[in-house]
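Quick notes on the structure that follows.
Note: hydrogens, waters and symmetry copies are ignored here, and every other heavy atom, side chains too, is used. We count ligands from 1, going down the list as the structure has it; atoms in each ligand are counted the same way.
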Amino acid sequence: MKDLILVTGGTGYIGSHTAVELINEGYEVVIVDNLANSTADSLDGIEKITGVRPAFEQFDLCDKSLVEAFFEKYPKLKAIIHFAAYKAVGESVELPLKYYRNNLVSLMNLLECMGQFKVPSIVFSSSCTVYGQPKDLPVTENAPILPAESPYGNTKQICEEILRDSVHSMPDIRVIALRYFNPIGAHPTALIGELPRGIPNNLVPFVTQTAAGLRGELKVFGDDYPTPDGSAVRDYINVADLAKAHVSAIGRLLNQKNEANFEFFNLGTGRGSSVLEVVKTFEKVTGVSVNYKIVGRRAGDVVAVWADTSKANEVLGWKAATSLEDTLLSAWNWEKKLRGIQ
Ligand code: UFG
């Protein structure tokens, strides 16, 4: 009997890659998504890659009665990976309540049903944003949590607090929070990838869209940071590598290998790359030039952050494997496929 895993937000960017890795490792997957920021096409991609079409339920996790009905319909559910959330930093500043309602209520509904229906294990999508600009780099899981720069970032911090408090009151519940650095790239088959709506906020989709001719020019936000080339530094992690860490986390929870009921791990490569390094590496591996202009800094950006990944390496037995070069190439292959570029 295959263990059944609920992947919320499973038609989205990281969720779809994780569904693939779970299926490849022999799990059965059911996806819940309201398609607020994704399309059901990714189910076709998952099926083409794995040969299995996961079950799919389209509804909003903020509706408690629908969440309850879901748990009733799937009594064999063993664990949850909770990706479903709004994630646009800028929009969260404009519409904070939209973010607080969606990101907090969906998690609380899941936690209540986990207690009610005795599904004890959950992996939560968190973010390195909880560290703000850390004093010491690379950043370890013991670095202090700094005040969030945006309502979006605050929802990640509050969700971690909700989880921490919930494991105290519900001692059967086991949580692993995964703090992602900057996930980029696409599945090596180019059958699933990131589908940003409108103008991309994130660097790599903007780079690939500029290279594809959809955007006239990439704006590089700042070249006067105290970094080797003056542009800001991040830890860019391949999305398929990132997805595999979720499979390790699920295995740890299901086999009750967790040492505490609330654990958290940094997921990155351990290496920082600057914005200009990303652009130049993209140009080198694809042979396509990217029209860019240096402009002023973007409000709220940290200077530099990259992960100390030793905890995930040692405890989860997971390590990022794909190079920045191959990851940027995968992002370009996905963009070319979307735009019908040969
Ligand atoms: N950047 C540009 N030009 C762009 C887009 C981004 O120069 O058009 C730069 C940014 O200024 C930053 C780097 O590229 O220095 C990476 O920016 P992203 O927007 O891709 O990623 P961030 O590190 O800003 O964002 C990440 C996650 C968010 C999270 C945030 C917290 O994507 O989910 O960290 O700061 F909230």
Note to self: Any salt bridge linking E160 with R179? Criterion: basic side-chain nitrogen under 4.0 Å from a carboxylate oxygen.
What the structure shows: yes
Next item on the list: Quick one: look at N182 and ligand 1, take heavy-atom pairs under 4.0 Å, and tell me if it's side chain, backbone, both or neither.
Entry: side chain
Notebook entry, point to check: Quick one: does ligand 1 sit under 4.0 Å from the side chain of V89, the backbone, both or neither, non-hydrogen atoms only?
Noted result: side chain
Notebook entry, point to check: Going by the order shown, which atoms of ligand 1 are within less than 4.0 Å of some heavy atom of N201?
Noted result: 5 (C), 19 (O)
Notebook entry, point to check: In the protein, what heavy atom is nearest to atom 11 (O) of ligand 1, and what distance, to one decimal place, separates them?
Noted result: D301 OD2, 2.4 Å
Checklist line | ligand 1 N/O within reach of K87 N/O, cut-off under 3.5 Å | finding: no
Next item on the list: Examine the proximity of ligand 1 to Y236 and report which part, side chain or backbone, both or neither, has a heavy atom under 4.0 Å away.
Entry: side chain
Margin query: Within ligand 1, which atoms have a heavy atom of V220 less than 4.0 Å away?
Written below: 7 (O)
Item checked: Heavy atom of the protein closest to atom 33 (O) of ligand 1 (residue, atom name, distance) -> Y152 OH, 3.3 Å
Next item on the list: Taking only Lys NZ, Arg NE, NH1 and NH2, and the carboxylate oxygens of Asp or Glu, determine whether K284 and E325 approach each other closer than 4.0 Å.
Entry: yes
Next item on the list: Compute the ring centroids of H246 and F83, then answer whether they are less than 6.0 Å apart.
Entry: yes
Notebook entry, point to check: How close does the nearest protein non-hydrogen atom get to atom 9 (C) of ligand 1, and which residue and atom is it?
Noted result: V275 CG2, 3.7 Å
Notebook entry, point to check: For atom 23 (O) of ligand 1, what's the nearest protein heavy atom and its distance?
Noted result: R234 NE, 2.7 Å
Check: Is there a heavy atom of Y225 sitting under 4.0 angstrom from any atom of ligand 1?
Finding: no
Next item on the list: Taking only heavy atoms of A232 into account, list the atoms of ligand 1 that are under 4.0 Å away from them.
Entry: 15 (O)
Check: Given T327 and N238, is the side-chain hydrogen bond (donor to acceptor under 3.5 Å, both in side chains) satisfied, shown in steps?
Finding: CA-CA 6 Å; T327 303; N238 178 281; 3.0 Å; yes
Note to self: Below 30° counts as parallel, above 60° as perpendicular, anything between as tilted: where do the rings of Y152 and Y99 land?
What the structure shows: perpendicular
Note to self: Taking K64 first and then E68, would you say they form a salt bridge - that is, a charged N and a carboxylate O separated by under 4.0 Å?
What the structure shows: yes
Check: What residue and heavy atom of the protein are closest to atom 35 (O) of ligand 1, and at what distance?
Finding: T129 OG1, 4.0 Å
Notebook entry, point to check: In the protein, what heavy atom is nearest to atom 17 (O) of ligand 1, and what distance, to one decimal place, separates them?
Noted result: R298 NH2, 3.4 Å
Checklist line | Any donor-acceptor pair under 3.5 Å from D235 side chain to G270 backbone | finding: yes
Next item on the list: Specify side chain, backbone, both or neither for K219, according to which of its non-hydrogen atoms lie closer than 4.0 Å to ligand 1.
Entry: backbone
Checklist line | Shortest protein contact, atom 27 (C) of ligand 1 (heavy atom only) | finding: N202 ND2, 4.4 Å
Notebook entry, point to check: Is any NZ, NE, NH1 or NH2 atom of the basic residue among D44 and R53 found under 4.0 Å from an Asp or Glu carboxylate oxygen of the other?
Noted result: yes
Note to self: Does Y100 form a side-chain hydrogen bond (donor to acceptor under 3.5 Å, both in side chains) with N154? I'd like the steps, not just the answer.
What the structure shows: CA-CA 9 Å; Y100 286 115; N154 206 20; 2.9 Å; yes
Check: At under 4.0 Å between heavy atoms, which part of L218 makes contact with ligand 1: side chain, backbone, both or neither?
Finding: side chain
Check: Are K311 and E141 close enough for a salt bridge, meaning some N to O gap below 4.0 Å?
Finding: no
Notebook entry, point to check: Backbone or side chain, does any N or O of F221 fall under 3.5 Å from an N or O of ligand 1?
Noted result: yes
Check: Just by distance, do the side chain of D33 and the backbone of L35 share a donor-acceptor pair under 3.5 Å?
Finding: yes
Note to self: Going by a strict under-4.0 Å cutoff (protein heavy atoms only), does atom 19 (O) of ligand 1 have a neighbour on the protein?
What the structure shows: yes
Check: Would E91 and R197 pass as an ion pair if we require N to O under 4.0 Å?
Finding: no
Item checked: ligand 1 N/O within reach of L203 N/O, cut-off under 3.5 Å -> yes
